[in-house]
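The block underneath contains the structure these notes are about, expressed in structure tokens.
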Number of protein chains: 4
Amino acid sequence: MEPEKPLEISEVQTPKPTGSEVLVKVKAVGVCHSDLHLWEGGYDTGDGFMKVTDRGVKFPVIPGHEIVGTVTEIGSAVQGIAVGDNVLVYPWIGCGNCSACRIGNDNVCDAPRSLGVFQNGGYAEYALIPHFKFLAKVTGMDLEAAASLACSGLTAYNAIKKSGATSQSNVVIFGAGGLGLMGVQIARAITNANIIIVDIDDAKLQTAKELGADHSVNSKDPEATQKIMTLCGGKGADCVIDFVNAPPTVKMGLAIIRKRGTMTLVGLFGGAIELSLVSVPLKAITIQGAYTGNYNEMVELLNLAKRGVINPIISKRYSLSEANTALEDLKARKILGRAIINP
Amino acid sequence: MEPEKPLEISEVQTPKPTGSEVLVKVKAVGVCHSDLHLWEGGYDTGDGFMKVTDRGVKFPVIPGHEIVGTVTEIGSAVQGIAVGDNVLVYPWIGCGNCSACRIGNDNVCDAPRSLGVFQNGGYAEYALIPHFKFLAKVTGMDLEAAASLACSGLTAYNAIKKSGATSQSNVVIFGAGGLGLMGVQIARAITNANIIIVDIDDAKLQTAKELGADHSVNSKDPEATQKIMTLCGGKGADCVIDFVNAPPTVKMGLAIIRKRGTMTLVGLFGGAIELSLVSVPLKAITIQGAYTGNYNEMVELLNLAKRGVINPIISKRYSLSEANTALEDLKARKILGRAIINP
Amino acid sequence: MEPEKPLEISEVQTPKPTGSEVLVKVKAVGVCHSDLHLWEGGYDTGDGFMKVTDRGVKFPVIPGHEIVGTVTEIGSAVQGIAVGDNVLVYPWIGCGNCSACRIGNDNVCDAPRSLGVFQNGGYAEYALIPHFKFLAKVTGMDLEAAASLACSGLTAYNAIKKSGATSQSNVVIFGAGGLGLMGVQIARAITNANIIIVDIDDAKLQTAKELGADHSVNSKDPEATQKIMTLCGGKGADCVIDFVNAPPTVKMGLAIIRKRGTMTLVGLFGGAIELSLVSVPLKAITIQGAYTGNYNEMVELLNLAKRGVINPIISKRYSLSEANTALEDLKARKILGRAIINP
Amino acid sequence: MEPEKPLEISEVQTPKPTGSEVLVKVKAVGVCHSDLHLWEGGYDTGDGFMKVTDRGVKFPVIPGHEIVGTVTEIGSAVQGIAVGDNVLVYPWIGCGNCSACRIGNDNVCDAPRSLGVFQNGGYAEYALIPHFKFLAKVTGMDLEAAASLACSGLTAYNAIKKSGATSQSNVVIFGAGGLGLMGVQIARAITNANIIIVDIDDAKLQTAKELGADHSVNSKDPEATQKIMTLCGGKGADCVIDFVNAPPTVKMGLAIIRKRGTMTLVGLFGGAIELSLVSVPLKAITIQGAYTGNYNEMVELLNLAKRGVINPIISKRYSLSEANTALEDLKARKILGRAIINP
């Protein structure tokens with residue numbers, strides 16, 4: 001892949017794993033908005049465009065970070081993984097050496113080596129995984145459905161956990177898209193909080209309620225702020241989790257966050273807001289970012305999926321030669337839920 | 001005290017403690033910027049003026065929340081405190097019933113009853129303390145010097161702890177005024193971090209270094225940002241603690257915070273900044289407010305002072321009849337360090 | 001109540017609440033093993049008998065700490081609670097002043113004032129509650145069923161949380177009695193762990209599986225230890241939660257705990273074990289006690305019950321005049337599940 | 001080294017680092033009690049002898065896990081470490097794949113590969129380190145003095161941190177030997193707790209006071225228990241840290257631990273105690289093991305040493321050919337403080 005150019009399929013030699021490496025025959029690879037950002041070359045930051053090349057991406061690169069498949073060959077030092085195992089790949093690989101990696105948080109590494117971003121990913125027949133420790137076995141559930149757990153599921157899981165929601169919390173989730181709906185399911189599965197979903201689309205709000213939200217508010221409603229406050233018992237939200245992270249949602253979030261509340265920003269929509277400085281100490285609020293998640297969280301999430309308390313759903317399938325169409329469809333908002341490519 | 005009017009001394013009957021109440025003869029009461037905010041009636045929030053009456057203050061009220069004195073009478077249910085004890089008063093009293101108070105964080109209560117703000121404080125001969133549990137005995141150190149530990153010391157202590165600084169951290173502290181200098185002493189006393197102090201005043205920077213900062217940077221230096229980055233090993237600050245919390249310091253803080261870093265906003269200077277939304281998740285940073293501290297922290301701080309690892313210093317004294325002068329002097333920036341009133 | 005004597009009903013004047021006090025007309029009060037310990041005057045500690053009077057109990061006292069009822073009168077300072085409210089009473093009241101109480105952990109107070117133990121409880125028509133903050137409103141669920149949440153439910157909840165179980169944990173629960181079955185339900189409700197229940201009674205094991213345990217092992221099975229190890233993937237339990245806490249269960253727990261594992265002792269069965277000292281650092285294990293729970297946990301638990309994810313069940317009812325029979329039945333193990341008295 | 005046989009010096013070829021490996025010319029290697037345990041083949045566990053071969057040690061092996069030296073050659077994938085760097089080696093290497101290693105706690109790995117225990121260590125001219133991430137640069141302090149920070153210093157640091165001591169704690173430390181004296185220095189450096197040292201040797205107690213203990217108690221004093229209680233304000237110790245971990249110290253620890261207190265067992269002396277089960281939940285105490293420490297803690301400790309707040313001291317030096325004498329001297333308790341071998 002190169003920015004703004006159509007993806008091309010190349011014939012490459014299937015790599016041979018050595019040492020701790022593992023070769024995975026890709027069964028499915030998720031099509032993600034990050035692939036689009038990569039294809040478009042960057043993000044809108046509110047006061048400019050953050051190029052992915054400035055963040056260290058080197059083109060050309062094979063995209064695809066939501067990879068499931070079957071192990072076909074292993075290096076001599078591999079332990080606990082055998083040929084024939086069905087696996088989900090942890091793609092947010094770090095340097096292994098920085099202070100984040102040393103405690104297992106590769107996802108926020110100083111010098112990331114993520115698969116499908118900084119090194120070749122899964123839009124391919126085979127993927128060479130640099131170390132067996134980045135694999136999680138998938139049993140007792142649909143292998144292809146597990147793909148999205150490596151990215152959108154993981155991001156939602158990390159954000160919900162980081163928000164600190166408990167059974168006593170009023171939790172307001174912004175955005176009932178793919179990420180937000182997964183967030184609702186996870187919040188329902190791991191907390192007994194009062195969950196309020198906010199979006200501009202009534203159909204999506206309805207889906208969110210079916211997946212576990214207690215209440216929904218359409219943010220186009222002129223009384224949305226007041227309605228959310230009432231649903232939060234008049235004091236505001238303990239936890240705001242913003243899967244959109246655009247100026248209107250963050251502003252509404254700041255309007256309904258309670259004293260001591262936590263706002264977790266997840267989405268990469270972009271833009272900027274005016275932040276009143278004195279309100280931060282006076283209300284003792286916390287504004288924090290959440291970015292994907294770590295390997296342990298991915299394994300916990302797999303357990304939730306196996307138990308059936310969350311249900312990642314595949315809504316559309318493409319072949320590898322249709323990769324361009326898949327990305328165009330995603331850009332044109334033609335994909336509801338999660339699409340995968342079957343190489 | 002009433003907003004914008006000179007303080008007047010009234011003759012009132014000395015109250016009589018009942019139940020768990022304690023009567024304290026005030027030996028000294030600190031003169032604090034919050035007293036000024038109260039006197040001025042509010043804060044500049046960046047997009048307006050936040051009135052203290054809108055936050056629940058009812059005038060007239062006796063100001064003064066940094067109170068030390070001697071117990072002269074106790075209610076019948078008082079335990080562990082006796083007539084004659086020298087005490088420091090915890091002024092950030094909460095409702096006792098909200099989710100903050102229930103875990104001992106009265107300082108961020110939903111419905112605060114702080115002494116000297118929401119109920120009568122220590123600009124008086126006697127102060128009636130509503131419950132003996134808000135007192136801490138002062139032994140082995142100068143009683144009057146302890147006064148500031150209830151507010152500026154406590155605020156600095158809470159902020160340093162909340163910042164999460166460890167012996168591996170690069171800590172950047174903005175502001176070498178009274179609060180910031182206390183912050184430097186405390187950071188030195190409770191962590192072994194690399195401490196960098198930033199201010200616009202070289203004399204204050206020098207004092208900060210004498211009190212324990214490892215490095216200092218004058219923010220008027222056009223290369224200040226780059227210098228701080230270098231002092232942080234090129235990666236930026238793990239912990240930014242901003243005792244000023246004005247647009248220029250917060251902007252510089254955001255420029256030098258590292259990935260995964262924590263920015264703790266403490267000061268009540270006011271103003272607003274433009275916050276780029278996408279950078280929060282991409283850098284996985286945390287921006288949080290710190291506001292005074294809880295009773296346990298005040299007791300820990302007293303222990304630090306008794307051990308001599310921090311040294312609260314009184315720089316100026318006034319009598320009760322000079323209270324107006326004291327506030328005027330504070331406003332005119334004529335007080336370096338901490339002033340007290342001896343009623 | 002006095003040790004070893006039949007309980008007697010006395011006519012007393014209904015107390016009148018003042019200040020923050022609340023008068024509750026008791027609708028139901030749970031009959032708990034602790035009432036029996038109180039009646040018997042103490043516990044077997046393994047090397048003697050720990051008298052409740054040595055722990056500060058003063059007879060005569062009205063027992064009963066699992067109290068639900070309706071508010072009939074309130075003191076003048078009461079807030080947020082009104083006459084007619086149905087409430088569950090938090091009985092583990094502390095001194096309010098020690099380091100545990102200051103952070104809301106009254107349940108492990110240095111000088112406890114628990115209702116039904118150190119001061120009069122709920123085996124009575126009316127109970128005078130010392131402060132409105134010890135009440136939690138009960139709505140949307142059966143009031144009488146809530147009674148046990150103040151003690152057995154709360155103890156189980158606190159223990160499961162303290163054990164640190166996550167969705168990746170192998171959790172072994174000893175004891176499928178009233179406490180253990182509640183523990184299984186709660187573990188299932190708040191974690192997605194692999195739950196293994198161990199008991200000597202196959203019928204109880206079956207019930208535990210119906211309530212959410214993944215696996216069961218009868219500890220009379222000579223291969224029980226090996227079976228548990230296998231169910232824990234060969235490495236042993238991450239979390240052992242022992243609701244019996246007798247020598248055989250603790251020994252088996254130590255045999256199947258994994259390196260870094262946590263053993264939470266809850267039951268008050270008594271006895272002693274020989275603990276090999278060197279194994280504690282070499283395996284880096286933790287052995288900790290859990291005792292009832294705090295107010296916040298009780299409220300969280302009420303939320304779980306309202307959502308229906310846990311179901312406290314009443315198995316037997318007595319009138320107040322049958323209190324002696326109730327305790328005799330409990331002693332004779334004639335009560336399965338939870339009994340209540342309806343005064 | 002093989003159990004119970006004299007150590008022999010062999011001529012081996014200097015290894016050549018590849019990939020991420022680093023070759024270190026050993027400047028000094030500490031002589032540690034663990035080397036003795038290895039030489040003796042195991043530990044007394046109270047009810048038997050735990051053989052090191054049962055824990056996975058394979059003889060012959062080169063002992064020595066406290067290694068400092070100079071980098072002489074690096075593999076092609078090494079980053080951030082250069083030939084000529086003076087380094088301290090982190091020896092508690094884990095499998096990299098278990099749940100402990102994944103969060104950076106290699107020291108409590110399921111399948112440890114520690115240098116000088118499970119693979120060749122530093123009683124040698126050169127040591128081949130498997131990955132550059134196990135090295136920490138040593139600058140600004142004496143290189144040889146840093147050696148003990150990899151083991152005794154690290155163990156003490158991890159134990160003090162794990163104990164949860166704060167500025168409000170009464171901390172009782174058992175054992176004023178090498179480990180305990182380091183523990184006292186560290187407790188003094190990172191907390192402002194009230195520190196009480198307990199030992200049977202008055203000279204060592206005196207040293208402990210010079211290094212920062214507030215009080216000392218000789219445990220041979222018949223009133224030792226009562227004295228400790230008094231020094232803890234009558235309530236007992238918040239944190240007991242037992243660097244001996246033998247039956248007499250643990251029994252005394254259990255006698256003086258307060259409600260909610262934490263007992264951290266560190267020493268590998270051996271033996272067993274009778275543990276009363278009911279007291280664990282009733283007092284809500286925690287008994288936990290601490291074993292060496294992780295890489296991050298070692299780096300934090302290096303920072304403390306550079307700042308001079310702790311002072312690791314070398315008391316005796318041997319050449320490599322005197323290794324047998326060194327171990328014999330250690331066994332015969334002829335070494336006070338820390339001995340090193342200079343290969």
Side-chain angles (χ1 to χ4, degrees), chain C residues 37 43-48 50 55 98-100 105 107-112 155 158-159 162 166 168-169 235-236 238 242 244-247 249-250 258-260 262-292, chain D residues 37 43-48 50 55 98-100 105 107-112 155 158-159 162 166 168-169 235-236 238 242 244-247 249-250 258-260 262-292:
Chain C
H37 287 303
Y43 307 81
D44 171 19
T45 62
D47 61 351
M50 183 191 289
R55 295 187 69 218
C98 73
S99 61
N105 293 333
N107 55 309
V108 287
C109 170
D110 285 336
T155 298
N158 171 266
K162 209 167 172 180
T166 74
Q168 287 195 78
S169 307
K235 286 190 179 151
D238 298 280
D242 192 338
V244 182
N245 195 17
T249 56
V250 177
R258 74 169 292 167
K259 197 168 180 176
R260 307 183 300 279
T262 297
M263 175 177 284
T264 307
L265 303 182
V266 190
L268 300 175
F269 185 93
I273 57 142
E274 183 103 340
L275 179 68
S276 162
L277 296 176
V278 84
S279 67
V280 179
L282 283 184
K283 289 188 76 174
I285 57 171
T286 297
I287 301 169
Q288 63 185 356
Y291 182 74
T292 68
Chain D
H37 287 303
Y43 307 81
D44 171 19
T45 62
D47 60 350
M50 185 192 287
R55 294 188 69 218
C98 74
S99 61
N105 293 333
N107 54 310
V108 286
C109 170
D110 285 334
T155 298
N158 171 266
K162 208 167 173 179
T166 74
Q168 288 195 77
S169 307
K235 288 195 178 145
D238 297 280
D242 191 337
V244 181
N245 194 18
T249 56
V250 177
R258 74 168 293 165
K259 198 167 180 177
R260 309 183 298 278
T262 297
M263 174 177 284
T264 306
L265 304 182
V266 190
L268 299 176
F269 186 93
I273 57 142
E274 184 102 339
L275 179 69
S276 161
L277 296 176
V278 85
S279 67
V280 178
L282 283 184
K283 291 188 76 175
I285 57 171
T286 297
I287 301 168
Q288 63 184 356
Y291 183 74
T292 69

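Naming: A, B, ... by sequence-line order, numbering from 1 per chain. Heavy-atom basis, side chains included; hydrogens, waters and symmetry copies ignored.
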Chain D interface, residue from [options] that has the most non-hydrogen pairs under 4.5 Å:
{"options": "C:Ala284, C:Pro281, C:Gly289", "value": "C:Pro281"}
{"options": "C:Leu268, C:Val280, C:Ile273", "value": "C:Ile273"}
{"options": "C:Arg260, C:Lys259, C:Gln288", "value": "C:Arg260"}

Exercise: identify the closest heavy-atom pair between D:Leu282 and C:Tyr291: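 What the structure gives for the nearest pair is CD2-CE1, 3.8 Å.
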Least distance between heavy atoms, D:Ala272 atom then D:Pro247 atom: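 For D:Ala272 versus D:Pro247, the nearest heavy atoms are O-CG, 3.5 Å.
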Checking [X] against chain D: side chain, backbone, both or neither under 4.5 Å from a heavy atom?
{"X": "C:Ile285", "answer": "backbone"}
{"X": "C:Ala159", "answer": "neither"}
{"X": "C:Lys235", "answer": "side chain"}
{"X": "C:Ala290", "answer": "backbone"}
{"X": "C:Ser99", "answer": "both"}
{"X": "C:Val108", "answer": "both"}

C:Thr292 and C:Asn158: CA distance, side-chain angles, deciding distance, side chain to side chain contact (heavy atoms under 4.5 Å, CB included) verdict: CA-CA 7 Å; C:Thr292 68; C:Asn158 171 266; over 6 Å; no
Which residues pass the salt bridge (Lys or Arg N to Asp or Glu O under 4.0 Å) test with C:Asp242, sequence neighbours left out?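 So C:Asp242 forms no salt bridge (Lys or Arg N to Asp or Glu O under 4.0 Å) with any residue.
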Mind checking what makes salt bridge (Lys or Arg N to Asp or Glu O under 4.0 Å) contact with C:Arg258, not counting sequence neighbours?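 Only C:Asp238, D:Asp110 meet the salt bridge (Lys or Arg N to Asp or Glu O under 4.0 Å) criterion with C:Arg258.
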Please determine, among D:Arg55, D:Lys283, D:Lys162, D:Met263, the option with the most heavy-atom pairs under 4.5 Å with chain C.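 Highest number of heavy-atom pairs under 4.5 Å: D:Arg55.
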Within the distance-only criterion (no hydrogens, no angle test), does the side chain of C:Asn245 pair as donor or acceptor with the backbone N or O of C:Gly267 below 3.5 angstrom?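 Checked: pair present.
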Quick one, D:Val250 with C:Leu275, criterion side chain to side chain contact (heavy atoms under 4.5 Å, CB included). Give me CA distance, side-chain angles, the key distance, then yes/no. CA-CA 11 Å; D:Val250 177; C:Leu275 179 68; over 6 Å; no
